[in-house]
Amino acid sequence: MARPLTQSELENFHSLEWSEIAPCLTPEFRDVLEKVLESQDGSVLSRDQSMLLANAEGDDLLGLLVAANDLRRELTGNLVTYVINRNINFTNICFVGCKFCAFSRGPRESDTYFLNADQVAQKALEATQLGATEVCIQGGLPHGLPPFYYRDILRAVKRAVPFMHIHAFSPMEIMYGIELTGMALADYLSMLRDNGLDTLPGTAAEILDDQVRHVLSRNKLSTSQWVDVIRTAHRCGIRTTSTLMYGHIETPEHWVNQILLLREIQQQTGGFTEFVPLGFVHQNTLLYHQGLARSGPTLAEHLKIHALARILLAGAINNIQVSWVKLNRKLSQLCLHAGANDYGGTLMEENISREAGATAGQYTSPEDFQSLILEAGRIPAERNTTYTRIKIKAPVAELAAEEIPEESMYPEFA
Ligand code: SF4
């Protein structure tokens, strides 16, 4: 049995050096971590070795966190990136009924809303005035949505702001679009791409295991449908993010299975821009109140999933994002030390986590991001959605030479 870690050990792991913690690890665990640290490639590990990491406790867990931080430094440098974006949830009416969701409403509830395409475009226009380079558009799934509504939103936004990057529509919404239009998946995605869809959120993944999905939401798309939408999007030239929701009914085995599946897809398509672990916010959800799930992740779980992702995805998906809306200020900074290199977006109007009970707020300004990142001892940098343009938000002259990212890490930076 590994000794339990104290809160203080978990909060201060980042002051440890690999050379200090390595001698305290169990020999097999140390060998596995050294194999990845040397190769900087998560694919050198077997599934059993991945499971060993996912079940880490005590000093082994501290070693996992320290190794993930070292690997992050090697792979992405000391920058922490963020994107200036606006979240637009165009309706809260939804028939799907996910038990972890406190955002959706039935059509007859008193506080429903629905934005038409011009209202969505107006919000995108306002976002440009606040410096946004991306709008992230997702919504509930209302019965009777006009069949080409998603396309019409894209057209309206691109008409109003032609240069805005549109990151929109979860795989669940894509499946609904197919149902509404009767089109084939590849044709539907190509049609959206030709009307302005730039990238797709890899949300609606939660846990990619049909037994778990059946408990979380009986009406959600299946694992194979999620994978099909993502692979087809990548084939159509639409890049996506990838996600995993943790801290509810899942086990470390589900984490490993999902991360390895995402790595395999990435090795085949190269279409993922990043991986985003999403902590379950339990407070206002049926899943928790019906006694089906635990009360969200522990501190150790928050740190472990970011570190595990960094290690298993090394060399395949090198951007690991902290979802600040699910975490408090200090915890989000700790996750940056546990392997993450990106803070996500400013969002401006976050609704989904707030309705579930999260208290991190609806907006983090670029200035807030910069001070959070500097406070964590790292270098803030604004990025575009696909991480191909990076603007360092600290005087470059004051940075040590080794802190300037190599061009291979980011194709363009200024
Ligand atoms: S998570 Fe999305 S699909 Fe599920 S109930 Fe909420 S809005 Fe609907």
Side-chain angles (χ1 to χ4, degrees), residues 87-115 120 123 135-146 149-150 153 167-180 188 192 200-230 233 240-250 258 276-290 292-293 296 323 325-326 344 347 349-358 362:
N87 208 33
I88 306 173
N89 300 124
F90 57 91
T91 182
N92 60 353
I93 305 170
C94 187
F95 62 76
V96 180
C98 303
K99 288 191 170 176
F100 57 85
C101 176
F103 164 75
S104 71
R105 300 286 187 276
R108 277 189 272 281
E109 289 189 64
S110 58
D111 55 350
T112 59
Y113 71 88
F114 186 93
L115 303 181
V120 175
K123 282 185 179 276
V135 281
C136 175
I137 307 172
Q138 297 179 94
L141 278 71
H143 280 301
L145 193 70
Y149 194 65
Y150 298 141
I153 287 180
H167 180 62
F169 311 133
S170 73
M172 184 70 203
E173 289 171 296
I174 298 298
M175 290 306 294
Y176 190 37
I178 288 169
E179 192 185 312
L180 290 167
Y188 185 72
L192 293 185
L200 197 79
T203 45
E206 286 92 48
I207 289 292
L208 292 171
D209 175 289
D210 287 334
Q211 274 182 350
V212 174
R213 296 179 82 70
H214 194 69
V215 178
L216 301 185
S217 176
R218 291 190 181 189
N219 301 318
K220 209 73 181 264
L221 80 174
S222 66
T223 300
S224 65
Q225 287 174 318
W226 189 92
V227 170
D228 199 22
V229 171
I230 293 293
T240 73
T241 61
S242 57
T243 63
L244 176 157
M245 186 173 78
Y246 64 97
H248 42 94
I249 61 170
E250 88 295 354
Q258 186 148 334
V276 195
L278 300 168
F280 170 50
V281 180
H282 69 285
Q283 284 88 341
N284 304 328
T285 66
L286 268 183
L287 192 68
Y288 175 65
H289 288 292
Q290 290 182 342
L292 297 170
S323 176
V325 293
K326 317 272 186 200
L347 298 183
E349 238 184 305
E350 200 289 321
N351 298 304
I352 300 194
S353 301
R354 179 178 53 88
E355 298 238 12
Q362 289 190 279

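Both counts, for ligands and for their atoms, begin at 1 and track the order of listing.
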Legend entry - Asn92 (side chain) donor-acceptor with Asp111 (main chain) under 3.5 angstrom: yes
Inset, instruction - Could you tell me whether a side-chain N or O of His289 sits under 3.5 Å from a main-chain N or O of Gln283, the two making a donor and an acceptor? - result: yes
Legend entry - Option whose closest heavy atom lies nearest to atom 4 (Fe) of ligand 1, chosen from Cys94, Gly97, Cys98: Cys98
Inset, instruction - Among all protein heavy atoms, pick out the one at the shortest distance from atom 6 (Fe) of ligand 1; state its residue, atom name and that distance to 0.1 Å. - result: Cys101 SG, 2.4 Å
Inset, instruction - Find the distance between NE2 (His282) and CZ (Phe100) and round it off to the nearest 0.5 Å. - result: 16.0 Å
Inset, instruction - Identify the heavy atoms of Gln258 and Thr243 that sit nearest to each other, and give their distance. - result: NE2-O, 3.0 Å
Inset, instruction - State whether any protein heavy atom lies less than 4.0 Å from atom 2 (Fe) of ligand 1. - result: no
